[in-house]
Visitor: 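Structure provided below as C-alpha cells; questions to follow.
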Amino acid sequence: MPSLLIYLTLAVLLVAALLLVTGRLSPRLPSAAKNRPYESGVSEPITTQTRWPVRFALLGMLFLIFDVETLFFYPWAVVLRDLGWGGILAVLSFFVVLGAGYVYARQRGALEWR
Amino acid sequence: MAVDSLEGVFAPERITATADGIPTVGVPLAELLETIERVRGELGYSRFVDLTAVDRLRREERFELVYLFYSMTQKAWLRVKTATDGEAPSLTPSVAGANWYEREVFDLFGISFEGHPDLRRIMLPDAWQGHPLRRTEPLGSEPVDFTVTRRVYGND
Amino acid sequence: MAISQTDTDTSNNSDGRSGAPGFILSRLEDWARESSLWPVTFGLACCAIEMMAMSASRFDVARFGSELFRASPRQADLMIVAGRVSQKMAPVLREVYDQMPEPKWVIAMGDCASCSGVFNNYALIQGVDKIVPVDVYVPGCPPTPDALLDSLIKLKEQVAANSSNRHGARTAAGVGIVHDGIARS
Amino acid sequence: MATTEDRRELLTVNMGPQHPSTHGVLRLELKLDGEVVVNCRPIIGYLHTGIEKTFEAKTYVQGVVLTDRMDYLNPLGNNLAFALSVEKLCGCEIPGRATVLRVILAELTRLSSHLMFIGSMALDLGASSPFLYCFREREKILDFFEGISGARMMTSFIRPGGLAHNVEQAMADRISAFVEAMPGFIDTYEELLTGNPIFKERTEGIGMLTADDALALAVTGPTLRGSGVALDMRKTNPYCGYEAYDFEVPTGRVGDCFDRYLVRVAEMRESVKLIRQALDRLPGGPVQTSDRKVMPPPREELAKSMEAVIHHFKLWTEGIRPAPGEAYVGIESPRGEIGFYVVSDGSGRPIRVHERAPSFANLQALPRMTEGGLVADVVACIASIDPIMGEVDR
C-alpha cells in the first residue's frame, strides 16, 4: 500500500508547489479589458449566448465514448498477461459493443459535418 | 484596338490619346452606364480592371472618374473617363468587381454612387470626418519633434 | 509633445519580499521571465515579414526563448508592434495590450511603430508610444532580423534587472531604452 | 447561398484584425451555422496608410520609396510598375542592360514572394517545416538584394530611367549558381506538400472559384489562373522584353485552393527558367538612361560640362517634370495585374498616383469562396489568395 500512498502524496505536493509558486509570483491586476472576451482585438464583443446546433453535442458524446475506451487501454495493457483468455474475451466484448456503435454512427453520417 | 479604329464607334472629339497609348473615351455623366455597356459588350472590353477618381480642382464637375477595362481577345486596355461633382451611377449591379472600388472612391473622395448595394467607408474608421484624397484637404502631417529643433527653438 | 512621467513603482518589490530569501526568489523570478519572453503575434506590415524571418531558421529567435509566437494575448508577455499602426488599428492595439496579463513589455519594431517614419500623414498614429508605453525602440525600415534580436537582448537585460516590479506601473509613454542603449530621460 | 428560411440562430464570429492566419490585418465577420459559414464579410482598412495622398506630396523619385512599402513581398515589382508608368509619361528610353536586369530582379522577387506563400500556406494548415525550408531559400534571395542594393527588402533599386547603380558580374554569377540549385529545392517543397494527403485533404475541392466568377470580380494573377484562365501580363501585354523569352503560363483545372497552390509552384519553375535565359543574354553597358531630364549625369561628367551641372541641379531640386498627362502600365506581380495610374500636371509632383492593387480585387472573391464551406476552410482560402494587406489598404 505505501507505494500508492507515496504516489498520491507526491502528486498532491507537486500540484500544491506549482499552484503556490505561480500564484505568488504572478501579479493580480484585474481590469475591465481583461474581463472582456478576446475577439481578435475588436473591442465591441458580440454576445456568445446563442443556441448551439445539436451536432456539437453529438460530436461531444462520440468523443467522450472513445476517450473512455482508450482510457481503459492502459490498465489492460499492464495486466494483460495474467488476465488469461477469459479476461481478454471480456475486454474484447467491450470493444465489440463500442465498435458497433462507431460503425453505426459513421453510417448515419454523424461525423460528416456538411 | 488602336485609337483610330475607335473613330467609327465614338465621336472623334471624345477620344484622346494618352502617354501610355491606352485609348481614352471622355463621356458625359448621363451616358456613362450606356457607354460602359457598349464598351463591355459590343467592343469586347469585358474585363473590369480599375476605377479611381482624380480631383481636378475645377469649379464645376471637379472630380474625374476613370474606369479601366481590358479586352481578353484584343489584349488591350480601354479607359472611360467622365466628370462629376459628387454623384455618379453605380456600376456594381452589372459589374460585381466594382463594389469595393466604388466604396473606396466614396470613402476617400466623397463621390456617392447611387444604386450601390452597400455604400459605406471601406478604408477609414466609420466615424471619420472628411475625405482625405481631396486635394483641398491637408496631408495631415505632424511637426516632427527632433531633439535638434527642441535645442534650437527652445523647449516650446 | 511634453513627455508625461507617471510615477514608476521603483520602491522595493511591491509584494514586500525583502531580505535574502526574497532576493533569491526575485532573482529566480527575473531569470525565469527573462529567459522565455513569449511575443504575441502582432505583425502588421513589412516589419512582420522580417519578424517571421527572425523566427525562421537562419536568425532563429528560439535561441533566446521567444520561439513561441502566441496568437492570444492571454498567454503572451511581450508585444512586438511590427509595422505601421493606422487610426483604425489603434483601438485594436490598445485592446490587445490591455488584455495581456502583467508583467508585459512592448518593443516598437521599425520606424513606423517608433515614429511612423516615412508616412507622416493623416492615416497613421505617429509612433505607437502615443497609445502604449514602449520599452525598446528598434530603428530601421524594416530593421534587419539581427537588429530585432539585438533589441530583444536589450529588453532581456531590462527584464532581468527588475521584472518583478513591473506590476501594472508602467514607465511613462515614450520613455524607454532606445536601441542604442542610451536611456532617454 | 443563404438558405431561404433563415430561422436558424447564426453565431457571429470575428476573425479579426489580430489573427494568426489572416496574412496581415484583415478582419472577417463570419456568420456561422454550426461549422458552416453562411456569410463572410471582409472588413479592411486596418492598415490604411494614406500612401496615395503621400505620393502627391513627394516628387517622382521620392515616390519610388513609397512603392516599396505597398506590396512588401514584391518591392522590386512595385518599383518596376511605377518606373514603367513614369517612363511612359516622360517618354524616355532605358538601355538594354537595365531592361534585362529588371527582368532578373522582378523574377527573383516573384520567387521570394512565392516562397513566402508556400511557407505561410503550409503554416496556416498546420505544417511548420515547409516554412523553415522556404525561408532558407528566401534568405539567399534577400542576400542578393542586399548585395545589389544594400537593403534586404525595401531596395528602391528600380527607378524611373533605369536602375540606381550597376550590378557587377560577380553578383550575376552568384545568382546563376543559386538558380541552378533552385529547381532541386522546389522539388523538396513539392515532396513535403504536393503529395501530402493531409494537405490535399485540406485544399482539394475547397474554395471553388469558377472562371467567370473570377473575371466578374476583377480577380487576376495566380488566383485567376487557378480557375483556368491563362491571363498573364508577361504573355498578353509583354513589357521589359518578355516577348523574347520562352516560358509557359501554368493554369489550374478546377479552381480550388490546391490548383492555386499548384499554379504558384509551377510559376516558380517558370521564373527560374526566365532568370536563366535573362542571365545568358545580359548585355554590358550603362544601366541609366541618357535622357538628362530623367536621370542625373554621371559624376565625372559634372566636372567637364556646364549642362551636366544644370541638369544635375534641376533634377535634384525639382525632380523629374514630365509633360502633363497620365499613364498606366499593367505588369504581372506575384498576386496579379499591378499598375500605377500616374497623372501629372507638368509640375515636379504628380497630382494623382493610384495603384491598381491585385490583392484588393482578389479579396473580393473571398466571400464567394468561403460561403457554404467550413470555418476551417476559410483559413485555406485566405492563404490560397495570398493577399498582402499593405497593397489592399494602401
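Note on naming: letters A, B, ... go to the chains in the order of the sequence lines (proteins, then strands), and numbering restarts at 1 for each one.
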Visitor: Where does D:Ala361 contact chain B at under 4.5 Å (heavy atoms): side chain, backbone, both or neither?
Guide: both
Visitor: May I have a list of the donor-acceptor pairs under 3.5 Å that connect chain B with chain D?
Guide:
{"unit_1": "B:Asp20", "atom_1": "OD2", "unit_2": "D:Tyr328", "atom_2": "N", "d": "2.5"}
{"unit_1": "B:Arg47", "atom_1": "NH2", "unit_2": "D:Glu337", "atom_2": "OE1", "d": "2.7"}
{"unit_1": "B:Val49", "atom_1": "O", "unit_2": "D:Arg356", "atom_2": "NE", "d": "3.0"}
{"unit_1": "B:Val49", "atom_1": "O", "unit_2": "D:Arg356", "atom_2": "NH2", "d": "3.4"}
{"unit_1": "B:Asp50", "atom_1": "OD1", "unit_2": "D:His354", "atom_2": "NE2", "d": "3.0"}
{"unit_1": "B:Asp50", "atom_1": "OD2", "unit_2": "D:His354", "atom_2": "NE2", "d": "3.2"}
{"unit_1": "B:Thr52", "atom_1": "OG1", "unit_2": "D:Arg352", "atom_2": "NH2", "d": "2.8"}
{"unit_1": "B:Ala53", "atom_1": "O", "unit_2": "D:Arg352", "atom_2": "NE", "d": "2.8"}
{"unit_1": "B:Tyr70", "atom_1": "OH", "unit_2": "D:Thr236", "atom_2": "OG1", "d": "3.3"}
{"unit_1": "B:Tyr70", "atom_1": "OH", "unit_2": "D:Asn237", "atom_2": "OD1", "d": "2.6"}
{"unit_1": "B:Lys75", "atom_1": "O", "unit_2": "D:Asn237", "atom_2": "ND2", "d": "2.9"}
{"unit_1": "B:Trp77", "atom_1": "NE1", "unit_2": "D:Glu337", "atom_2": "OE2", "d": "3.1"}
{"unit_1": "B:Arg79", "atom_1": "NH1", "unit_2": "D:Glu326", "atom_2": "OE2", "d": "3.4"}
{"unit_1": "B:Lys81", "atom_1": "NZ", "unit_2": "D:Glu326", "atom_2": "OE1", "d": "2.7"}
{"unit_1": "B:Lys81", "atom_1": "NZ", "unit_2": "D:Glu326", "atom_2": "OE2", "d": "2.9"}
{"unit_1": "B:Gly97", "atom_1": "N", "unit_2": "D:Ala216", "atom_2": "O", "d": "2.9"}
{"unit_1": "B:Gly97", "atom_1": "O", "unit_2": "D:Gln364", "atom_2": "NE2", "d": "2.9"}
{"unit_1": "B:Trp100", "atom_1": "N", "unit_2": "D:Gln364", "atom_2": "OE1", "d": "3.3"}
{"unit_1": "B:Glu104", "atom_1": "OE1", "unit_2": "D:Arg394", "atom_2": "NH2", "d": "2.9"}
{"unit_1": "B:Glu104", "atom_1": "OE2", "unit_2": "D:Arg394", "atom_2": "NH2", "d": "2.7"}
{"unit_1": "B:Pro132", "atom_1": "O", "unit_2": "D:Lys53", "atom_2": "NZ", "d": "3.0"}
{"unit_1": "B:Arg134", "atom_1": "O", "unit_2": "D:Lys53", "atom_2": "NZ", "d": "2.9"}
{"unit_1": "B:Glu137", "atom_1": "O", "unit_2": "D:Lys53", "atom_2": "NZ", "d": "2.8"}

Visitor: What part of D:Leu231 lies closer than 4.5 angstrom to a heavy atom of chain B: side chain, backbone, both or neither?
Guide: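 Side chain only.
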Visitor: Contact part of B:Leu51 toward chain D, heavy-atom cut-off under 4.5 Å: side chain, backbone, both or neither?
Guide: backbone
Visitor: Is chain B contacted by the side chain of D:Ala323, its backbone, both, or neither, given a heavy-atom distance below 4.5 Å?
Guide: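 Neither the backbone nor the side chain of D:Ala323 comes within 4.5 Å of chain B.
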Visitor: Find the one option among D:Val343, D:Leu89, D:Ile351 whose heavy-atom pairs under 4.5 Å with chain B are most numerous.
Guide: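 Heavy-atom pair counts peak at D:Ile351.
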Visitor: Below 4.5 Å from any heavy atom of chain B, which atoms of D:Leu363 appear? Answer side chain, backbone, both or neither.
Guide: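 For D:Leu363, backbone and side chain are both near chain B.
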Visitor: At a heavy-atom separation under 4.5 Å, does D:Pro42 approach chain B through its side chain, its backbone, both, or neither?
Guide: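 Contact with chain B is through both the backbone and side chain of D:Pro42.
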Visitor: Not counting sequence neighbours, which residues clear side chain to side chain donor-acceptor pair (under 3.5 Å) with B:Glu61? List them please.
Guide: none
